[in-house]
Undergrad: 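Sharing a structure with you now.
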Amino acid sequence: MEFDPSAIEAKWQQKWEEAKIFETDLKKAKDPFYSLVMFPYPSGDKLHVGHWYNFAPADSAARFMRMKGKDVMTPMGFDAFGLPAENYAIKSGIHPDTSTRTNVQTMVKQLKRMGCMYDWSKMVNTSTPEYYRWTQWLFLQMYEHKIAYKKEAPVNFCPSCQTVLANEQAQDGTCDRCGTTVIQKNLNQWFWKISQFAQRLLDGLKDLAWPAKTKIMQENWIGRSEGINFQERVKDLNIEFEVYDSIPQTFLAQTFTVIAPDHPLVSKLVSGTSYEKPVMEFVERIRKKKLAAKFKIEEESEGIFTGRYVDNPFGTGDLPIWVCSYVLADYGTGIVNCSAHDERDFAFAKKYDIPLKIALLPQDPALAEKVKNFEVFYREPDGIIQVPEVALGMTWEQSRKRIIDYIEGKGYGQVRVHFRLRDWLISRQRYWGAPIPIVYDPEGKPHPVPEKHLPWLLPTDVAFKPTGKSPLTESKEFIERTEKLFGKGWTPEFDTMDTFVCSSYYYLRYLAEGDEKHLVDPTIEKRWMPVSMYIGGPEHACMHLIYARFVMMALKDFGFVSHEEPFKKLVHQGLITNKGAKMSKSKGNVVSPDSLVERHGSDAFRMYLMFMGPFTEGGDWSDTGIKGIDRFVKRIHAMFTSNVNKKVDQSQVLASLHRTIKKVTEDIEALRFNTAISALMELLNLLEQEGGVSSETAKTFTLLLAPLAPHLAEELWESLGGKGFVIEQRWPMFDPKLTKASTHIIAIQVNGKLRGEIEVDAGASKEDVLSKAKAHPNVQKFLTGEVKKEIYVAGKLVSLVV
RNA sequence: GCCAUGGUGGCGGAAUGGUAUACGCGCGCGACUCAAAAUCGCGUUCCCGCAAGGGAUUGAGGGUUCAAGUCCCUCCCAUGGCACCA
């Protein structure tokens, strides 16, 4: 029979759809398994190999879980708001809503051609009013619970995208979307208080089955640091302030104090003194420098003396106060006491000839060398100042607690915890996003749009020219609507929300099945959350994956959900590159899956992607290897449609079959698809050698194949006379007794080198095996002298030492 | 600089401390064919050898062990992440 993958795949996709076997009844499910992949952005570039590499193996894992008896639900949707559609509109004049709808349609068609078991009845599209009314509802909840707030602050601004960005989206000083260097601007913007959840976000990580790497990245991003806040006074001025110090071990070595240029205290320090002019000029110069681009580490730090001193409470002398370019106003208190122990402080002091001291005997010999000419504290017995119980030779960490206790005891300061995590800046000066549901009264005071007015519709009478102002300011309809509903002189908020807000809760909306009254039914949420397995790229570690956790925690606090964490298990698929480079339109090295699917079929294409190498490691694209899978698929088809000719298989075949069941089961469970496929290849090779197979074994093979090549497996299942769909069958069990072969090949080593092989019965005794091994002619050649040691590893090898 | 992961044939890669190089690609030879493609069979880590067999080999060097790709130490290289956070 001629083998035509396209025809087979079309046939089964239609049958699956007609039978609605992938539509999950959320209420009836007994043993829920929520399988989720990060939903795609509906771009004009359509589905690419990266999507396939993410979705197809995820589908194989989900199919496997279904055959294992779970009630599996795998939804699909579109993260449809965002810049590309808007930029496309600017170029082409086509409204983003139109292009997005077209792209969604195309991608749905492509996704259906993949043949994954998506439950399309639960699809979401974040750019539709039915969806974004919940994005707005979420904002209102955040506003009501005082997590959403507006403030003027220095923020990241992308000059190319003409919008502000969250810290997470400007991580290396460049825009996450376009790579342009971001600049700092002082703007009045909406923030969500994610920083309030910092400790919980940190604590929650430890119970998650996530890649260690991802957890570490979030930990670093949250950046917990414990230290001490010192209360200090400016000498000759009635000004008090706090200084944060995360290494209080060195407090006695501090010789100067630095303050951030944009700290409000700076002008007060120099006001009316001869230092005022140069210091304020310095501040202005640094401000301009930061405006041009985010500061780079390589840039040398600069500073200027303010003429003021800290009235040092520790009695180690007054510390001169410097304004210094490397100090951050929004971390700690924006003021730092410095010593020789910090590399940067050390370099700064050297540059400006500020005296240095060191505390304790440094553990680091290089530092000891560098500062050997400076005064050393804590040295016993001639130490100048001694902290009780801090002894010479103690390590940094050992002395830390005692010094902290000492400082707190003396009343110099209190223990404080600081986080690096900043509040999430959610406003964007762009069109294609969910409007922020806020209106301003004629005095400019913000008011939430009442829930009954949701969805607060995105106006359509807007031209898409980037002006640096929010495009919504152009909409007459938007302004008229606001005045009509709220009164003369009222204006709407013109900014839209970050698209990461839309994606921070979409996994809940899949479960809502279009419910217009509730975000999600609490009983269904309780049953189905957290997501059982979430698969997506690692690039979201400190963006989507942290926002989603935060939103879930907030929703729990508000009483809408019962779980704190959205994703119990997380897996990152690897990256598929082309000639070593990331695939991108600009590089022109994007591989389109469509023609490959056309030529080889969805089954072969997905199996090839899985066979390339370990799922989490990705790899470099090459289409030469797909031939091997093509052959494999054809050979399977030939074998099980025309060589099912035996009543019973030999014990050797049975043993191989059961070993294969074991291996494929364990491999798919651990997402090792590559070795699962190679195990099936080995079994097929054996069956071909045998010249045929029993119907029983053919059926079992088909079941094992079902998660990996779902269409082909259905076809074979049907032709083998199986009842129902193969995907609805139970996953085969292996019999441990049958996995054992009746004879073993034993390797014989002499002095660690392989010298021969013998075949023995499985039940052979150690003595029999050893004597047979020693009788092997080639082994005898090397048994020169007395055998000192004999090791027998049952069923595997004999090791002789002479 | 710091943290993490990795380094195995011509290539993708496989290997609970127990026969390194499974499986696949590619390549070589053969069968089928007028011929080619497809398909099938045999071979394929490297070196010596007609063969039997021997020697070498998992980034480099040491160590533990009857036995090390795997465990320990030192180093080299690659990839990813972090890096003015005091």
Side-chain angles (χ1 to χ4, degrees), chain A residues 171-172 211-214 216-217 219-221 223-225 227 243-248 250 254 257-258 260 294-301 324-328 330-339 341-345 347-348 418-422 538-539 541-542 572 574-575 580 608 611-614 616-632 634-635 638 672 674-685 688 745-757 777-778 781 787-802:
Chain A
Q171 284 192 31
D172 53 356
K213 211 170 115 183
T214 311
I216 290 169
M217 279 168 70
E219 256 172 56
N220 291 341
W221 187 252
R224 186 181 194 276
S225 140
V243 171
Y244 177 64
D245 189 348
S246 74
I247 314 176
T250 64
Q254 290 164 350
T257 294
V258 288
K294 240 192 158 182
F295 248 37
K296 292 268 155 60
I297 315 146
E298 300 81 43
E299 284 189 63
E300 209 176 303
S301 32
C324 175
S325 64
Y326 67 73
V327 186
L328 305 172
D330 58 352
Y331 184 79
T333 61
I335 310 177
V336 188
N337 287 346
C338 304
S339 79
H341 292 270
D342 182 274
E343 216 178 308
R344 248 169 347 183
D345 296 347
F348 186 79
H418 282 277
F419 294 94
R420 297 173 62 182
L421 185 67
R422 289 295 112 80
E539 66 276 10
C542 292
H572 297 307
L575 182 70
Y608 176 57
F611 188 60
M612 273 173 66
T616 52
E617 276 163 42
D620 200 49
W621 174 258
S622 119
D623 54 8
T624 55
I626 199 166
K627 255 190 173 175
I629 294 289
D630 249 343
R631 286 177 189 151
F632 178 53
K634 279 186 193 137
R635 280 163 49 209
R672 291 189 299 252
N674 53 334
T675 48
I677 292 170
S678 76
L680 288 175
M681 285 174 170
E682 283 178 77
L683 181 58
L684 183 67
N685 289 347
E688 283 180 342
I745 308 282
I746 305 286
I748 309 158
Q749 294 180 347
V750 180
N751 286 346
K753 288 208 185 250
L754 183 69
R755 296 302 179 189
E757 276 176 3
N778 198 48
K781 267 186 9 197
V787 176
K788 283 194 215 144
K789 204 163 182 179
E790 295 170 343
I791 290 150
Y792 174 54
V793 181
K796 285 205 171 133
L797 69 79
V798 168
S799 184
L800 303 168
V801 185
V802 297

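Below, read A as the first sequence line, B as the second, and so on, with proteins coming before strands; counting in each chain starts at 1.
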Undergrad: Does any nucleotide pair with B:rA78 by Watson-Crick or G-U wobble geometry, both distances under 3.5 Å, and what is it?
TA: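 Pair assignment: B:rA78 / B:rU5.
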
Undergrad: Name the residue closer to the 5' end of RNA chain B, choosing between A:S678 and A:L800 according to the nucleotide with the nearest heavy atom.
TA: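 Nearest-nucleotide comparison on RNA chain B picks A:S678.
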
Undergrad: Taking the same atom, C1', in B:rA22 and in B:rG9, what whole-Å distance lies between them?
TA: 13 Å

Undergrad: Determine: side-chain N/O of A:K627 to OP1/OP2 of B:rA38, distance under 4.0 Å, yes or no.
TA: yes

Undergrad: Please report the shortest heavy-atom distance between A:A260 and A:L328, naming the atom on each side.
TA: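 Shortest heavy-atom separation between A:A260 and A:L328 comes out as CB-C, 3.9 Å.
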
Undergrad: If I take atom CG in residue A:D630 and atom C1' in nucleotide B:rU39, what distance separates them, rounded to the nearest angstrom?
TA: 13 Å

Undergrad: For the pair A:L800 and A:R755, evaluate side chain to side chain contact (heavy atoms under 4.5 Å, CB included) and give the outcome as yes or no after the intermediate values.
TA: CA-CA 10 Å; A:L800 303 168; A:R755 296 302 179 189; over 6 Å; no

Undergrad: Could you work out the separation of B:rU44 and B:rU21 based on their P atoms and round it to a whole Å?
TA: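 About 12 Å, rounded to a whole number of Å.
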
Undergrad: If you only use heavy atoms from C-beta on, which nucleotide in B:rG55, B:rG81, B:rA83 is closest to the side chain of A:R420?
TA: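 Taking heavy atoms from C-beta onward, the closest nucleotide is B:rA83.
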
Undergrad: Taking A:Y244 as the fixed residue, which of A:T333, A:N337, A:V336, A:I335 is the one that meets the side chain to side chain contact (heavy atoms under 4.5 Å, CB included) rule?
TA: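 With A:Y244 as partner, side chain to side chain contact (heavy atoms under 4.5 Å, CB included) holds for just one option, A:T333.
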
Undergrad: When the P atoms of B:rA20 and B:rU45 are considered, how many whole Å apart are they?
TA: 14 Å

Undergrad: Name the orientation of the base relative to the sugar in B:rG61: syn if the glycosidic angle is within 90° of 0, else anti.
TA: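 Judged by the O4'-C1' to base torsion, B:rG61 sits in anti, the angle falling more than 90° away from 0.
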
Undergrad: Rounding to an integer number of angstrom, what distance separates B:rC66 and B:rA51 when you compare their C1' atoms?
TA: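 That atom pair is separated by 32 Å.
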
Undergrad: Please measure how far the P atom in B:rU33 lies from the corresponding atom in B:rC23, and state the result in whole Å.
TA: 31 Å

Undergrad: Consider the side chain of A:L797, meaning its heavy atoms from C-beta on, and name the nucleotide among B:rG24, B:rU19, B:rA86 that approaches it most closely.
TA: B:rU19

Undergrad: In whole Å, what is the span from the NE2 atom of A:H572 to the C1' atom of B:rU79?
TA: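 Spelled out: NE2 on A:H572 to C1' on B:rU79 is 16 Å.
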
Undergrad: Mind calculating the distance between CZ (A:F632) and P (B:rU39) to the nearest angstrom?
TA: 15 Å

Undergrad: Do A:R635 and A:N685 have side-chain N/O donor and acceptor atoms under 3.5 Å apart?
TA: yes

Undergrad: With heavy atoms under 4.0 Å as the rule, sort A:N220 into base, sugar-phosphate or nothing.
TA: nothing

Undergrad: Could you give the distance separating B:rG12 and B:rG63 at their C1' atoms, to the nearest angstrom?
TA: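 To the nearest whole Å, 34 Å.
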
Undergrad: Checking base pairs now: Watson-Crick or wobble, both atom distances under 3.5 Å. What partners B:rG43?
TA: B:rC27

Undergrad: So, is A:N778 close to the B:rG54 phosphate, meaning a side-chain N or O under 4.0 Å from OP1 or OP2?
TA: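 Yes.
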
Undergrad: How close do A:S622 and A:Y608 get, heavy atom to heavy atom, and via which atoms?
TA: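 Heavy atoms of A:S622 and A:Y608 come nearest at O-OH, 2.7 Å.
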
Undergrad: Report the base-pairing partner of B:rU64 (Watson-Crick or G-U wobble, both distances below 3.5 angstrom), or none.
TA: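 Its partner: none found.
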
Undergrad: How many whole angstroms separate atom NZ of A:K781 from atom P of B:rG54?
TA: 5 Å

Undergrad: Picking from B:rA86, B:rC40, B:rC66, which would you name as closest to the side chain of A:V801?
TA: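 When the side chain of A:V801 is considered, B:rC66 is the closest of B:rA86, B:rC40, B:rC66.
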
Undergrad: Between A:H572 and A:T616, what is the shortest heavy-atom contact and its length?
TA: O-CG2, 3.4 Å

Undergrad: What does B:rA52 pair with, Watson-Crick or G-U, if both distances are under 3.5 Å?
TA: none

Undergrad: Distance from A:S678 atom OG to A:R672 atom CZ, nearest 0.5 Å?
TA: 11.0 Å

Undergrad: Measure CG/A:L328 against P/B:rA86 and give the value in whole Å, please.
TA: 10 Å

Undergrad: Which listed nucleotide (B:rU19, B:rA86, B:rG18) is nearest to the side chain of A:E757?
TA: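 Output: B:rU19.
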
Undergrad: Side chain of A:R635 only, please: which of B:rG24, B:rA86, B:rA56 is the nearest?
TA: B:rG24

Undergrad: Hunt down the Watson-Crick or G-U wobble partner of B:rU16, both distances under 3.5 Å, from any strand shown, or write none.
TA: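 Pairing partner: none.
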
Undergrad: Measuring only the P atom in each nucleotide, how far is B:rG26 from B:rG17? A whole number of Å is fine.
TA: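 The answer is 34 Å between these two P atoms.
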
Undergrad: Would you indicate, yes or no, if B:rA86 has its OP1 or OP2 atom less than 4.0 angstrom from a side-chain nitrogen or oxygen of A:Y326?
TA: no

Undergrad: Of the non-hydrogen atoms in A:G613 and A:N674, which two are nearest, and what is the gap between them?
TA: C-ND2, 3.6 Å

Undergrad: B:rG53 P sits how many Å from A:K753 NZ, rounded?
TA: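 About 16 Å, once rounded to whole Å.
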
Undergrad: Please give the nucleotide sitting opposite B:rA37 as a Watson-Crick or G-U wobble pair, both distances under 3.5 Å, or none.
TA: none

Undergrad: Flag the pair A:M681 / A:I629 as yes when at least one side-chain heavy-atom distance between them is below 4.5 Å, and no otherwise.
TA: yes

Undergrad: Is any side-chain N or O of A:R631 closer than 4.0 Å to OP1 or OP2 of B:rA38?
TA: no

Undergrad: Please classify the nucleic acid contact of A:S799 as base, sugar-phosphate, or nothing, using heavy-atom distances under 4.0 Å.
TA: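 Counting heavy atoms under 4.0 Å across all strands, the contact made by A:S799 includes a base.
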
Undergrad: State, with a plain yes or no, whether a side-chain heavy atom of A:V801 is found less than 4.5 Å away from one of A:N751.
TA: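 A side-chain contact under 4.5 Å exists here.
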
Undergrad: Select base, sugar-phosphate, or nothing to describe what A:I629 touches, counting heavy atoms under 4.0 Å on all strands.
TA: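 The residue A:I629 makes no contact with any strand.
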
Undergrad: Would you give the length of the straight line joining atom OH of A:Y792 to atom CD1 of A:I748, rounded to the nearest 0.5 angstrom?
TA: 11.0 Å

Undergrad: Could you check which nucleotide pairs with B:rA83 in any of the strands shown, counting Watson-Crick or G-U wobble with both distances under 3.5 Å?
TA: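 WC or wobble partner does not exist here.
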
Undergrad: Starting at atom CD of A:E219, determine the distance to atom C1' of B:rC3, rounded to an integer number of angstrom.
TA: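 It works out to 11 Å between those atoms.
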
Undergrad: Closest-nucleotide mapping onto RNA chain B: is A:W221 or A:N337 further toward the 5' terminus? I mean the 5' end.
TA: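 Result of the comparison: A:W221.
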
Undergrad: So A:N685, base contact, sugar-phosphate only, or nothing? Heavy-atom distance under 4.0 Å.
TA: sugar-phosphate

Undergrad: Looking only at side-chain N and O atoms, does A:R755 come under 4.0 Å of OP1 or OP2 in B:rG55?
TA: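 So the side-chain polar atoms of A:R755 do come within 4.0 Å of the phosphate oxygens OP1 or OP2 of B:rG55, strictly under.
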
Undergrad: Could you run down nucleotides 6-16 of chain B 5' to 3' and tag each one B, S or - for protein heavy-atom contact under 4.0 Å?
TA: ------BSS-B

Undergrad: Under 4.0 Å, heavy atoms only, any strand: does A:V327 hit a base, just the sugar-phosphate, or nothing?
TA: base

Undergrad: Taking B:rU19 as the reference, what is the distance to B:rC29 when you measure between their P atoms (whole Å, please)?
TA: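 One P to the other, the span is 35 Å.
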
Undergrad: When you get a sec, tell me which of B:rU19, B:rG24, B:rA56 is the closest nucleotide to the side chain of A:L754?
TA: B:rU19

Undergrad: Which of parallel (below 30°), tilted (30 to 60°) and perpendicular (above 60°) describes A:F348 and A:Y326?
TA: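 Taking A:Y326 first and then A:F348, their aromatic rings stand perpendicular (interplane angle over 60°).
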
Undergrad: How would you label the contact of A:R224 with the nucleic acid (heavy atoms, under 4.0 Å): base, sugar-phosphate, or nothing?
TA: nothing

Undergrad: Under 4.0 angstrom, heavy atoms only, what part of the nucleic acid is A:I216 near: base, sugar-phosphate, or nothing?
TA: nothing

Undergrad: Across the strands shown, which category fits A:E682 at heavy-atom distances under 4.0 angstrom: base, sugar-phosphate, nothing?
TA: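 Sugar-phosphate, backbone atoms only, no base.
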
Undergrad: Calculate the interatomic distance between A:K213 atom NZ and B:rC3 atom C1'; express it in whole Å.
TA: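 A:K213 atom NZ is separated from B:rC3 atom C1' by 12 Å.
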
